[in-house]
Amino acid sequence: MKDEIIRTMETMFGIGYDIHKLEPNRPLILGGVHVPFEKGLDGDSDADVVCHSIIDALLGASGMGDIGSFFGIGTPEIMDARSLNMLSELKKHLDENDIAIVNIDTTIIAQTPKLGDFRTEMISNISKTLDIKHVSVKFTTPKHIGSLGRSEAIACLAIASIKNNI
């Protein structure tokens, strides 16, 4: 799937979504930021739902599949990987194919912990990794509804816009 890239002069958009279960004895990493909390997200990598949703949004916009088809699932390369590094690898691939990222917009859905104090650092990490200025990180709570509302998981939605530099 890595070679099948949409070629157009138009701006393209992609949507990403990721959700991971909260587990004890794991660090909580969101947007590349270590958030002090008694639980972290379960997954093969650091399970950073922010980076994962952005990766899926960028892959969707460029027509390159999803995070599992691009990076593999349960592969040795993914085990304990930093998701910011995965985002950086995807950025290099997009650059090699003359695809420019225009902007990223994310919404993190979590009952707990409160994340507002970490927004600036998340935006900085994502902006530096993708070499773009237009990054938005927003937060919402699920109002105690469902597994997210019971603080069993954290989810993130992302939209990305890209354009071809050819």
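Just so it is clear, the values below take in all heavy atoms, side chains as well, and ignore hydrogens, waters and symmetry mates.
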**Request:** Report the C-alpha separation of K138 and T107 in whole Å, then their side-chain angles, then the decisive distance to 0.1 Å, and conclude whether the side-chain hydrogen bond (donor to acceptor under 3.5 Å, both in side chains) test is met.
**Result:** CA-CA 5 Å; K138 304 179 305 295; T107 301; 3.2 Å; yes

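- Side chain of H20 to main chain of L41: no donor-acceptor pair is present (N/O by atom type, distance under 3.5 Å, no hydrogens or angles).
- Residues L90 and F70 are in side-chain contact: their nearest non-hydrogen atoms beyond the backbone lie under 4.5 Å apart.
- Using modelled atom types, no side-chain atom of N97 and backbone atom of I99 make a donor-acceptor pair closer than 3.5 Å.
- Here the CG atom belonging to D44 is positioned 4.5 Å from the CE atom belonging to M79, to the nearest 0.5 angstrom.
- For H134, the NE2 atom sits in a loose shell: 12 or fewer heavy atoms of surrounding residues, nucleotides or ligands are nearer than 6.0 Å.
- The shortest side-chain heavy-atom distance between V135 and D105 does not fall under the 4.5 Å cut-off.
- Taken to the nearest 0.5 Å, the CD1 atom of I126 stands 11.0 Å off from the CD atom of E121.
- Residue I162 holds its CD1 atom at 11.5 Å from CG of N103, rounded to the nearest 0.5 Å.
- Taken together through direct or relayed side-chain contacts under 4.5 Å among Ile, Leu, Val, Met, Phe, Trp and Tyr, I19 and I108 form parts of separate hydrophobic clusters.
- Counting only distance, with no hydrogens or angles, the side chain of D18 and the backbone of C156 share no donor-acceptor pair below 3.5 Å.
- You'll find the side chain of S83 reaches within 4.5 Å of the side chain of H52, heavy atoms only.
- Hydrophobic clustering keeps L148 apart from V50 (ILVMFWY residues linked when any side-chain heavy atoms are closer than 4.5 Å, directly or through intermediates).
- Of the possible polar contacts, none joining the Q111 side chain to the R150 backbone as a donor-acceptor pair under 3.5 Å is found.
- Under the 3.5 Å distance criterion, the side-chain polar atoms of D56 are matched with a main-chain donor or acceptor of I67.
- Looking at D66 and S69, their side chains do bring a donor and an acceptor atom within 3.5 Å of each other.
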**Request:** Evaluate the side-chain contact (heavy atoms from CB on, under 4.5 Å) criterion for residues K114 and T141: first the C-alpha distance (whole Å), next the side-chain angles of each, then the deciding distance (0.1 Å), finally the verdict.
**Result:** CA-CA 9 Å; K114 298 300 180 202; T141 65; 4.0 Å; yes

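- Transitive grouping of hydrophobic side chains (ILVMFWY, heavy atoms separated by less than 4.5 Å) keeps I159 and I123 in distinct clusters.
- Under the 3.5 Å distance criterion, the side-chain polar atoms of D46 are left unmatched by any main-chain donor or acceptor of I29.
- Counting all heavy atoms, side chain and backbone alike, C51 lies closest to G32 at SG-N, 4.4 Å.
- For the pair S161/F13, a side-chain contact is recorded, criterion being any heavy-atom separation below 4.5 Å from C-beta on.
- The nearest pair of heavy atoms linking F139 to G116 is CE1-CA, 3.8 Å.
- Defined by atom type and a distance below 3.5 Å, a donor-acceptor pair is missing between the side-chain atoms of D95 and H93.
- Heavy-atom minimum distance, A61 versus G14: CB-N, 3.5 Å.
- Cluster membership for I101 and F71, using ILVMFWY side-chain heavy atoms within less than 4.5 angstrom, is shared.
- Two residues are said to be in side-chain contact when any heavy atoms from C-beta on lie closer than 4.5 Å; L28 and I154 meet this criterion.
- Of the possible donor and acceptor atoms, none in the side chain of S124 sits under 3.5 Å from a partner among the backbone N and O of T120.
- A donor-acceptor pair is defined here as one N or O able to donate and one able to accept, closer than 3.5 Å; such a pair exists between the side chain of N125 and the backbone of G31.
- At least one side-chain heavy atom of L115 sits under 4.5 Å from a side-chain heavy atom of P113.
- Using a 4.5 Å heavy-atom threshold, the side chains of K39 and N25 count as separate.
- Without hydrogens or angle criteria, T106 side chain to S136 main chain gives a donor-acceptor distance under 3.5 Å.
- Between E89 and K91, no side-chain nitrogen of the basic residue sits less than 4.0 Å from a carboxylate oxygen of the acidic one, so the salt-bridge criterion is not met.
- Side-chain atoms of R119 come within 3.5 Å of backbone atoms of V137 as a donor-acceptor pair (strictly under, hydrogens ignored).
- One finds the CG atom of L157 at 10.0 Å from the OG1 atom of T140 (value rounded to the nearest 0.5 Å).
- Placement of L58 and L84 within a single hydrophobic cluster is found when ILVMFWY residues are connected by side-chain heavy-atom separations under 4.5 Å, directly or transitively.
- At least one side-chain heavy atom of M86 sits less than 4.5 Å from a side-chain heavy atom of S45.
- Contact record, Y17 with A155: OH-CB, 3.8 Å, taken as the closest heavy-atom pair.
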